[in-house]
Asker: 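Take this structure first; my questions come after.
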Amino acid sequence: MLRRGDARRYNSARMPRTNERLEALLSEWADLLEISGADSFRVRAYQKAARAAGGHSRDVGDLGEKELRQIPSIGAHMAARIREFVETGTMHDLEELRELVPAGLRELTRIPGLGPKKAVLVNRELGVASIPDLLDAIEHQRLRAVKGLGAKTEENLLRGIRNLREHGGRMTLDVALRVAEDVIEELRGRAAVEEVAYAGSLRRMQDTIGDIDLLVASTTAPEVTEAFVGLPGVQSVVARGDTKSSVLTAKGLQVDLRVVAPEVWGAALQYFTGSKAHNVKTRAIAVKKGLKLSEYGLFEVESGRRIASRTEEEVYAALGLPWILPTMREDAGEVEAALRGDLPDLVSLGDLRGDLHGHTDSTDGVATLEEMLGAAAARGYAYYAVTDHAEKLHMSGMKRETVLEQRDRIRSLQGRFPTMAILHGCELNIDRDGGLDYPDEFLAGFDFLVASIHSRFNLPRDEMTRRLLRAIENPFVNVIGHPTTRMIGRRPEVDVDLEAVLSAAARTGTALEVNCHPDRLDLRDEHVRWAVERGAAIAISTDAHAPTHLENMRFGVATAQRGWLTKARTLNARSLRDVREFVARKRGK
DNA sequence: GCCGTTTTCGGCCCGACTGTTTTCAGTCG
């Protein structure tokens, strides 16, 4: 689940820049209020407002106070503060609050195990105002002198600081999934374990994962816990109770395990999948119905009788809701849509009929054309686009004669995989001005074209926007690959007017990619949602450089679902004929 | 601070574990 400060560490999204700035500022405001000891509901109001502003699909800087107040979780006060920020570039009350809270306390609360209360305590008693200060205090055993703290606290905080430094608290989806599946595999064979699954942000398939939440159904919890903390990959045990325990793996990743009775499996899975905001909303629905929802089930308040708990479907149904895909559970409107009976028909892995972006050893792939095609055909695809790099990619792009040779090879391979057509494509490089590698007459020889930015990531917003718009306008470009070029944890998104890009894509019949590589996931969830709202088509593509990369499709599908992408709007959920028509229409044929 | 077929005040989700404490506050999810 999302923790304080994690919100968008890697997402320096540059769409409506005001939204991000406001999210960061309101989130800071919430933290400062919490440190100041403000009422917890007030703190939450700021957190919710931060998320609402950050996730809004329009630039909140363009909205008047009345429009702002239409946004859920933004009231009169927040609307006024937002307008103040837009007009003056600052928020006076926040500035004042910053003066009141010792600098550095907010940083301290990022340490696992150190919340606002202890941060204030060590600051007041020991003058600690930064992580280095705290380390020094721990080293000299000064914490244990403070009433309420002890030697154990020193030890735990030291471990928390190390973990924070090493990982920044997050890992990519593939890393998390591998660890989770390994542990699940270990536990599944045990007699005491009836069911085991991962929950939390991993089940929701957030693009980065803080720690891994596992859930086991068992009638003998202590036995399961015993087995869990004794697994070979466990380096240290962070916490250990009868039903709840946490360990660190050798690589310092935290895995939390919760053991519940088999008859409450569904309620527990629902609860531990979250998100926190989704749970708050579902519980509020329960309360309105005179019910109480916890990880132990849905209960009637008056009689204490449990009315649902066995499966998630049962729990949602008893709340008057259809089952909701885990990837949608972010309190991003899914509960309201479910109440209206209006949940969209989201794309799923099984809907996909092909993959429209992949490489071979003709450029920087590691497998041959035949190997890649064989792996694609084995997945049951009806079509597969081979899109090796075009010539302007430094050192590895294809010269035109290589392109033509590859085309001949593909022609001779058509029919080799009876149920799969091979599209000959290319991943073009969008140069600084929005130009492409080859002239139009050469582009016309391809079946399908992806165009991507591979250089000059730091152009000013206007120039970057013009650059992408020009590529989109080209009648031969069918997909913009990894549109924001972010590399999770390593490279920020390019600064671009994404609204303009999405609108142009919708208008010209150009799809935008959800690149499935777990280091990219680009477009990301929120951007997908904006694309859907603006009517642009999305291609969910692996950008595979090896046969195993084809399996990344599930990460892209999850990202697309998080952005509420429907099957109808997914280019590679369409038939081969429809994909060809998509290409032909843009070419004006 | 937000919100409203309990509507302008009074709610706002619920429970486990730890550490330091003798009955519970803090943190986390």
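Proteins come first, then strands; the chains are lettered A, B, ... in the order of their sequence lines, and each starts at number 1.
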Asker: Side chains of A:Glu499 and A:Trp530 only: does a donor on one sit below 3.5 Å from an acceptor on the other?
Answerer: no
Asker: What interatomic distance, in whole Å, is found between C1' of B:dG1 and the corresponding atom of B:dT8?
Answerer: 14 Å
Asker: Taking atom types as modelled, find out whether A:Thr18 and A:Asp59 have a side-chain donor-acceptor pair closer than 3.5 angstrom.
Answerer: yes
Asker: May I ask you to list the residues of residues 137-144 of chain A, by number, that have any heavy atom positioned under 4.0 Å from an atom of DNA chain B?
Answerer: none
Asker: Can you confirm whether the side chains of A:Thr273 and A:Arg203 place a donor and an acceptor under 3.5 Å from each other?
Answerer: yes
Asker: Please state how far atom CG in A:Leu108 lies from atom P in B:dT27, giving the value in whole angstrom units.
Answerer: 12 Å
Asker: Check the distance between B:dG29's P and A:Ile209's CD1 and give it to me in whole angstrom.
Answerer: 13 Å
Asker: Looking just at side-chain N and O atoms, do A:Thr208 and A:Arg170 make a donor-acceptor pair shorter than 3.5 Å?
Answerer: yes
Asker: When rounded to the nearest Å, what value does the distance between P atoms of B:dC2 and B:dT6 take?
Answerer: 23 Å
Asker: Could you check if a side-chain atom of A:Pro326 sits within less than 4.5 angstrom of a side-chain atom of A:Gln561, using non-hydrogen atoms only?
Answerer: no
Asker: Expressed as a whole number of Å, how far does the C1' atom of B:dG26 sit from that of B:dT21?
Answerer: 12 Å
Asker: For the C1' atoms, the ones on B:dC13 and on B:dC28, what distance do you get once it is rounded to whole angstrom?
Answerer: 14 Å
Asker: P atom, B:dG11 versus B:dA16: distance in rounded Å?
Answerer: 25 Å
Asker: Can you find a side-chain donor-acceptor pair between A:Gln254 and A:Asp256 that sits under 3.5 Å?
Answerer: yes
Asker: Can you give me the N/O atom pairs linking the protein to nucleotides 14-16 of chain B at distances under 3.5 Å, or say none if there are none?
Answerer:
{"residue": "B:dC14", "atom": "O4'", "partner": "A:Arg283", "partner atom": "NH1", "Å": "2.3"}
{"residue": "B:dG15", "atom": "OP1", "partner": "A:Lys292", "partner atom": "NZ", "Å": "3.1"}
{"residue": "B:dA16", "atom": "OP1", "partner": "A:Tyr296", "partner atom": "OH", "Å": "2.9"}
{"residue": "B:dA16", "atom": "O3'", "partner": "A:Thr243", "partner atom": "OG1", "Å": "3.4"}

Asker: Whole Å only: how far is the CG atom of A:Asp331 from the C1' atom of B:dG29?
Answerer: 16 Å
Asker: Can you find a pair of side-chain heavy atoms, one from A:Val264 and one from A:Arg306, that are under 4.5 Å apart?
Answerer: yes
Asker: Which nucleotide in the set B:dT27, B:dG1, B:dG19 lies at the smallest distance from any side-chain heavy atom of A:Pro116?
Answerer: B:dT27
Asker: Base, sugar-phosphate, or nothing for A:Asp39, non-hydrogen atoms under 4.0 angstrom?
Answerer: base
Asker: Nearest whole Å is fine: how far is B:dG29 P from A:Leu269 CG?
Answerer: 18 Å
Asker: Rounding to an integer number of angstrom, what distance separates B:dT20 and B:dA25 when you compare their C1' atoms?
Answerer: 10 Å
Asker: Pairs in or reaching into residues 191-200 of chain A: which pass side chain to side chain donor-acceptor pair (under 3.5 Å), with residues at least two apart or in two chains?
Answerer: none
Asker: Just checking, any donor-acceptor pair under 3.5 angstrom between side chains of A:Thr90 and A:Glu95?
Answerer: yes
Asker: Would you kindly give the CG-to-C1' distance between A:Asn156 and B:dT18, to the nearest whole Å?
Answerer: 8 Å
Asker: With rounding to the closest Å, how many angstrom separate the P atoms on B:dC17 and B:dT23?
Answerer: 22 Å
Asker: Taking only N and O in the side chain of A:Ser40, is any of them less than 4.0 Å away from OP1 or OP2 of B:dC12?
Answerer: no
Asker: Find the distance A:Leu257:CG to B:dG29:P and express it as a whole number of Å.
Answerer: 15 Å
Asker: Might you confirm whether atom CD of A:Glu87 has over 12 heavy atoms from other residues, nucleotides or ligands at distances under 6.0 Å?
Answerer: yes
Asker: Which residue pairs pass the side chain to side chain donor-acceptor pair (under 3.5 Å) test when at least one of the two sits in residues 334-345 of chain A, sequence neighbours left out?
Answerer: A:His278-A:Glu334, A:Lys281-A:Glu336
Asker: Among all residues two or more places apart in sequence or in another chain, which pass the ring pair (Phe, Tyr, Trp, His ring centres under 6.0 Å) test with A:Trp29?
Answerer: A:Tyr46
Asker: Which sits closer to the 5' end of DNA chain B, A:Ala79 or A:Ala284, going by the nucleotide each is nearest to?
Answerer: A:Ala79
Asker: Tell me what A:Ala199 touches on the nucleic acid: a base, only sugar-phosphate, or nothing, going by heavy atoms under 4.0 Å.
Answerer: nothing
Asker: For A:Lys118 and for A:Arg69, find the nucleotide of DNA chain B with the closest heavy atom, then tell me which residue's nucleotide is more 5'.
Answerer: A:Arg69
Asker: Can you pull every protein N or O that's under 3.5 Å from an N or O on nucleotides 21-24 of chain B?
Answerer:
none

Asker: Over how many whole Å does the gap from A:Arg42 atom CZ to B:dC12 atom C1' extend?
Answerer: 15 Å
Asker: Does B:dG29 have a Watson-Crick or wobble partner in any strand here, with both distances under 3.5 angstrom, and which is it?
Answerer: B:dC14
Asker: Are A:Arg305 and A:Glu300 close enough, and set up right, to give a salt bridge (Lys or Arg N to Asp or Glu O under 4.0 Å), and what steps lead you there?
Answerer: CA-CA 5 Å; A:Arg305 191 170 69 91; A:Glu300 282 177 356; 3.1 Å; yes
Asker: Using atom CD of A:Glu84 as one end and atom C1' of B:dG1 as the other, report the distance to the nearest whole Å.
Answerer: 16 Å
